[in-house]
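Data first, discussion second: the structure below is written as structure tokens.
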Amino acid sequence: MWDELARYWRVEAALWVCYWNALDRKDQASVRYCADYSLLLSVFWLVVLVGGVMTLGMVVQFLQGGCR
């Protein structure tokens, strides 16, 4: 079991590195492949999206409070 878990995280780490290197090279086929097979990248972009929406909500709430 521990071997499988360690192998899974090694694959995820390799896909993470592959993704960012492919972005630097502007290699869209590799970017898509890494993004399709990596759970870590999906979670990362979900967290970025949620963080962005929450930040936007805080700015809107601040602006609404300041305009009263």
Side-chain angles (χ1 to χ4, degrees):
M1 177 178 151
W2 292 110
D3 291 337
E4 291 175 18
L5 190 59
R7 188 177 310 126
Y8 173 78
W9 282 109
R10 282 194 300 261
V11 169
E12 284 294 328
L15 287 169
W16 178 269
V17 171
C18 166
Y19 179 81
W20 294 109
N21 287 338
L23 275 179
D24 286 342
R25 291 190 319 266
K26 295 182 179 16
D27 179 3
Q28 291 302 316
S30 295
V31 167
R32 191 73 206 153
Y33 178 85
C34 296
D36 285 345
Y37 289 99
S38 177
L39 179 63
L40 184 62
L41 282 167
S42 299
V43 170
F44 171 77
W45 286 117
L46 181 64
V47 168
V48 168
L49 177 66
V50 169
V53 170
M54 289 177 65
T55 301
L56 180 63
M58 289 181 354
V59 168
V60 169
Q61 186 176 9
F62 173 76
L63 292 175
Q64 286 177 339
C67 296
R68 289 182 186 178

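Bear in mind that the values here come from a model prediction, so they are computed numbers and not experimental data.
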Report the relative orientation of the aromatic rings in Trp16 and Phe44; use parallel for angles under 30°, tilted for 30 to 60°, perpendicular for over 60°. perpendicular
Search all heavy atoms of Cys34 against all heavy atoms of Tyr19 and return the closest pair with its distance. SG-N, 3.7 Å
Which heavy atom of Val31 sits nearest a heavy atom of Ala22, and at what distance? CG2-CB, 3.5 Å
Given the options Leu39, Val17, Val43, Glu12 meets side chain to side chain contact (heavy atoms under 4.5 Å, CB included) only with Leu39
Distance, nearest 0.5 Å, that separates CE of Met54 from CG of Leu49: 11.5 Å
Using 0.5 Å steps for rounding, measure from the CG atom of Leu15 to the CG atom of Leu40. 9.0 Å
Indicate, with yes or no, if Val48 and Leu41 share a hydrophobic cluster defined by side-chain heavy-atom contacts under 4.5 Å among Ile, Leu, Val, Met, Phe, Trp and Tyr. yes
Any side-chain heavy atom of Trp2 within less than 4.5 Å of one from Leu5? yes
Above 12 or not: heavy atoms from other molecules or residues under 6.0 Å from OH of Tyr37? no
Does this structure show an ion pair linking Asp36 with Arg32, if we count only N-O contacts that are shorter than 4.0 Å? yes
With side chain to side chain contact (heavy atoms under 4.5 Å, CB included) as the test, would you mind laying out the steps for Tyr8 and Val11 before giving the verdict? CA-CA 5 Å; Tyr8 173 78; Val11 169; 5.8 Å; no
